[in-house]
Structure formats: C-alpha cells, structure tokens
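First the structure, in the form of structure tokens, and then the observations on it.
Chain A is the first sequence line, chain B the second, and so forth, proteins listed ahead of strands; every chain is numbered from 1.
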Number of protein chains: 2
Amino acid sequence: MILSRACNYGILASLYIAKEERTKTGYTSIRHLSEELNISFHFLTKILQTLTAEGILHSHKGPKGGVMLARNADEITILDLVYAIDGEDIFTECVLGLPGCGNEEPCPMHFQWAEVRENLKDMFEHKTLAETAGEVEEMKLRLSNFVRGEKQ
Amino acid sequence: MILSRACNYGILASLYIAKEERTKTGYTSIRHLSEELNISFHFLTKILQTLTAEGILHSHKGPKGGVMLARNADEITILDLVYAIDGEDIFTECVLGLPGCGNEEPCPMHFQWAEVRENLKDMFEHKTLAETAGEVEEMKLRLSNFVRGEKQ
DNA sequence: TTGATTTAAGATTAAAAGCTCTTTATAATC
DNA sequence: GATTATAAAGAGCTTTTAATCTTAAATCAA
Ligand code: FES
Ligand code: FES
C-alpha cells in the first residue's frame with residue numbers, strides 16, 4: 001500500500017468536505033462523513049483531529065459543530081494531506097529500505113527511484129481540493145466503497 | 001514503505017548473488033548472505049524459500065549448499081522479485097484504497113495514478129539482475145546498511 | 001556410517017498498523 | 001439550568017507484518 005489507510009480516509013473525507021463547501025457553508029459533522037464514506041467514526045475522528053492540529057481543518061464542538069476547511073480549497077493540495085498524515089517518508093526514503101537515501105551513497109535503484117518519486121510528489125502537489133472536488137461532482141467520481149446504487 | 005521489508009531483503013540478496021555469480025560458480029550460502037547484508041538469517045531463509053518456490057532461485061542442502069539463480073541473470077528483473085514476494089497489488093490497487101480500481105469506476109486520483117504506477121512498473125521491469133549487479137560492482141553501490149568502512 | 005553443515009518448515013514472539021470503546025470537554029437549544 | 005449533540009483524548013483490542021526459535025530433512029566429507 002502506497003499510502004496508509006488513515007491517509008486514504010483523510011483524503012476522501014477532505015474531498016467530501018470540499019465538495020460540500022462548494023454549495024453549503026458551515027461545519028460538516030464527522031458522524032455524517034463517516035456514514036457517507038463508510039469509514040469507522042472513531043478512526044475518522046482521530047484522523048481529522050490530526051488534520052485540525054496541522055491547520056488544514058478547523059473544528060467546532062457541540063450541536064451544529066463538525067469540521068470545515070481552514071483555508072480556501074484551492075490552497076490545499078493532496079500533498080498537504082499526505083504530509084500531514086503520513087509524513088514525507090515516501091518522498092525521502094530509499095526504495096530498498098537502506099538508511100540515508102541520497103546521491104552520496106546511492107543504492108542500485110536510487111537514480112531511477114528518485115525520478116519516479118518526484119513524479120509521484122508532483123502528482124499529489126498538482127491536485128488541489130478545489131479542482132479535485134470539482135471533478136468529483138462533474139464526473140460523478142466515487143469517494144466511498146459503496147457499490148453503485150447502494151447508499152445515495 | 002512502497003515495498004515490504006521482505007521484498008527489500010529479497011532484492012538485495014538476489015543482487016548480491018548475481019554479483020557473486022559474475023566471477024564464481026556454485027551456491028551462495030544463506031548464512032553468508034545474511035552476514036554480508038546484515039539481515040536476520042531466519043527471516044532471509046524464509047524469503048529465499050519463496051523465491052525458490054517461485055522458480056527464481058535454485059537451492060541445495062548440505063555442506064557446499066546454498067542458493068543460486070535459477071535462470072540467467074539477464075532474464076530476471078527486479079519486477080520478477082517484487083511479483084514473487086509482494087505480489088502485483090501495488091500495480092493494480094487504488095491509490096485511495098477503494099475496491100475495484102479501473103477506468104469504469106475511477107476515484108479522483110485514478111488517471112494520474114495509473115500513469116505513475118506504470119512508470120514505477122517499467123522502472124522495476126527494465127532493471128535486470130545482470131545489468132544491475134554490474135552497476136553495483138562498477139559504481140561500488142551499496143547493498144547493505146553497514147556504514148562505509150565497517151564490515152568490508 | 002557417522003558427524004557436521006546446510007536448507008526447509010513451522011511454531012512462537014514482538015512490533016506496528018488498524019480499529020473500537022469509553023470518558024471528558026465544549027457548545028447549542030430548550 | 002438541564003439536556004442533547006458534538007469533537008477531543010486516550011485506553012485497549014485485533015490484525016498484519018516482521019523477526020526469532022526450534023526441529024526436521026538432505027547432503028557432503030571424513
Ligand atoms: S539510496 Fe536507495 S533509493 Fe536512494
Ligand atoms: S480507482 Fe483509485 S486509483 Fe484506480
């Protein structure tokens with residue numbers, strides 16, 4: 001798995017929030033998110049707490065509470081979410097697991113891997129929540145593991 | 001981590017064997033490999049058993065026994081090793097963890113990810129053990145986590 | 001034939017990741 | 001103020017991955 005499960009869920013939830021905020025204002029409850037996306041409520045809560053601590057989301061307790069994007073949706077990239085949840089390890093670690101990946105002491109895959117992982121990073125960096133949430137609506141892309149038809 | 005630890009070890013050991021076989025003939029003992037590469041002997045044994053079962057290595061018990069490449073080194077790619085140990089999941093799974101990755105029901109990252117993972121696959125497929133072991137010797141690339149100087 | 005050496009196989013333990021449960025703090029509404 | 005809805009925090013359980021340990025089987029050499 002390239003991203004952790006927590007990271008997958010964090011991205012899906014953030015995209016859902018961004019999509020909601022295209023039309024409505026205010027907070028989205030985590031309970032609602034967990035039901036719509038079919039993600040464990042408590043697990044999702046913890047993930048979104050991390051995103052809140054990292055300044056990507058803003059949260060509010062009590063009735064009518066929930067989470068919302070802390071910045072404009074075009075100023076948040078998928079890369080921001082990956083960094084916040086999984087850290088930068090995928091983009092700095094040796095693909096063969098050797099310590100201290102770099103040009104000084106390269107492993108046999110280093111130069112090829114360095115290029116691929118740069119592409120990977122660009123891919124995440126060029127996808128903003130604004131643009132991607134737009135595509136989700138226009139192209140009716142899925143954000144959950146529900147089979148077509150079931151649940152909405 | 002993009003590859004499992006078992007896969008990292010399997011690749012490093014296979015490269016070491018390929019490098020040895022450029023000059024010497026016969027079996028390389030797993031004990032020797034585990035010491036040179038600083039990998040747990042029993043763990044490495046299990047990984048190489050898998051590669052033997054997959055027809056990539058050939059093994060022999062008893063004194064003077066060990067493992068050797070079952071095919072010519074230019075007919076084994078790193079991709080063969082990844083498939084044998086980790087399977088093809090990285091190259092077929094949804095980057096957001098949704099079930100049934102494909103063009104029919106794409107997730108918001110599908111088309112970009114499909115391209116990057118194809119590059120990743122090409123990268124592994126274009127590296128044969130022969131070529132890579134050659135580079136390791138010529139460029140003095142490292143295969144172990146020993147710091148420079150320590151242990152050879 | 002016996003003893004040493006080596007891989008094979010499987011049981012066991014340890015660590016990490018994934019997930020659930022409970023309790024607490026905060027805020028809105030009645 | 002009481003009640004209810006919500007996020008925050010952390011303890012604890014489960015599953016997967018990583019690593020170790022033990023025993024068996026095969027092979028070689030003396
Ligand atoms: S040293 Fe291995 S990928 Fe950089
Ligand atoms: S459906 Fe998500 S990457 Fe293919």
Side-chain angles (χ1 to χ4, degrees), chain A residues 1-14 17 26-70 82 85-87 89-90 93 96-97 145, chain B residues 1-14 17 26-70 82 85-87 89-90 93 96-97 145:
Chain A
M1 217 185 303
I2 170 91
L3 300 175
S4 71
R5 224 156 181 76
C7 195
N8 288 335
Y9 293 160
I11 293 170
L12 293 169
S14 299
I17 297 165
Y27 295 96
T28 303
S29 91
I30 301 179
R31 176 71 62 187
H32 177 71
L33 286 167
S34 80
E35 282 164 1
E36 289 297 314
L37 300 174
N38 201 27
I39 299 171
S40 147
F41 169 72
H42 291 289
F43 194 23
L44 184 57
T45 291
K46 206 176 301 183
I47 297 162
L48 299 187
Q49 272 169 32
T50 303
L51 292 181
T52 300
E54 293 284 328
I56 292 169
L57 298 181
H58 183 233
S59 72
H60 194 73
K61 290 178 181 175
K64 308 274 178 184
V67 290
M68 65 189 304
L69 302 182
V82 174
I85 300 170
D86 278 356
D89 284 2
I90 353 168
E93 275 182 340
L96 297 183
N145 57 11
Chain B
M1 217 186 304
I2 168 95
L3 301 175
S4 72
R5 228 165 179 70
C7 195
N8 288 336
Y9 293 160
I11 294 170
L12 293 169
S14 298
I17 297 165
Y27 295 97
T28 303
S29 93
I30 301 179
R31 176 71 64 185
H32 177 72
L33 285 168
S34 81
E35 283 165 1
E36 289 297 314
L37 300 174
N38 201 28
I39 299 170
S40 148
F41 169 72
H42 290 289
F43 193 23
L44 184 57
T45 291
K46 205 177 301 183
I47 298 161
L48 299 187
Q49 271 169 33
T50 303
L51 292 181
T52 300
E54 292 285 328
I56 292 170
L57 297 181
H58 183 233
S59 72
H60 195 72
K61 290 179 183 174
K64 307 275 178 181
V67 288
M68 64 188 305
L69 301 182
V82 174
I85 300 170
D86 279 355
D89 285 0
I90 353 169
E93 276 182 339
L96 297 183
N145 58 9

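Counting only heavy atoms from C-beta on, B/Lys46 has its side chain closest to C/dA11 among C/dA11, D/dA7, C/dT6. In this structure, the nucleotide among D/dC28, D/dT6, C/dT7 sitting nearest to the side chain of B/Ser29 is C/dT7. Across C/dC19, D/dA26, D/dA19, the shortest atom-to-atom separation from the side chain of A/Ser40 is found for C/dC19. Side-chain proximity of B/Gln49 to C/dT20, C/dA8, D/dA18: nearest is C/dA8. For B/Phe43, the side-chain atoms get nearest to D/dA19 when compared with the rest of D/dC21, C/dG18, D/dA19. Listed candidates were D/dA9, C/dA8, D/dA19. Nearest to the side chain of B/Tyr9 is D/dA19. Here the nucleotide nearest the side chain of A/Lys61, chosen from C/dA8, D/dA18, C/dA25, is C/dA25.
Residue contacts for B/Phe41: at a heavy-atom cut-off of 4.0 Å it reaches a base atom on one of the strands shown.
Taking the side chain as every heavy atom from C-beta outward, B/Ile47 and B/Ile39 never approach each other to under 4.5 Å. No side-chain heavy atom of A/Ile56 sits less than 4.5 Å from a side-chain heavy atom of A/Thr50. Proximity of B/Val67 to B/Leu51: side-chain heavy atoms (C-beta onward) are nowhere separated by under 4.5 Å. Here the side chains of B/Leu48 and B/Leu44 are in contact, with some heavy-atom distance below 4.5 Å.
Regarding contacts with the backbone of D/dC28, a side-chain N or O of B/His60 is found under 4.0 angstrom from either OP1 or OP2. Between B/His42 and C/dA9 there is no side-chain polar atom (N or O) within less than 4.0 angstrom of OP1 or OP2. Within the structure, a side-chain polar atom (N or O) of A/Ser59 is placed less than 4.0 Å from OP1 or OP2 of D/dA8.
Checked against side-chain contact (heavy atoms from CB on, under 4.5 Å), B/His32 has the following partners two or more places apart in sequence or in another chain: B/Tyr16, B/Glu20, B/Thr28, B/Ser29, B/Glu36.
Nearest-nucleotide mapping onto DNA chain C: of A/Ala6 and A/Pro63, the residue sitting toward the 5' end is A/Ala6.
In this structure, NE2 of A/His58 is placed 14 Å from C1' of D/dA8, rounded to the nearest angstrom. Separating the NE2 atom of B/His32 from the C1' atom of C/dT7 is a distance of 16 Å, rounded to the nearest angstrom. As a whole-Å value, the separation of A/Arg5 CZ from D/dT17 P is 11 Å. Rounded to an integer number of Å, the gap from OH of A/Tyr27 to P of D/dA8 is 11 Å. A/Glu35 has its CD atom 14 Å from the C1' atom of D/dA5, to the nearest Å. Residue A/Ile39 contributes atom CD1, which lies 12 Å from atom P of C/dT20 at whole-angstrom precision. If you take CD1 of B/Ile47 and C1' of D/dT20, they are 13 Å apart, rounded to a whole angstrom. What separates CZ of A/Arg31 from C1' of D/dA5 is a distance of 10 Å, to the nearest Å.
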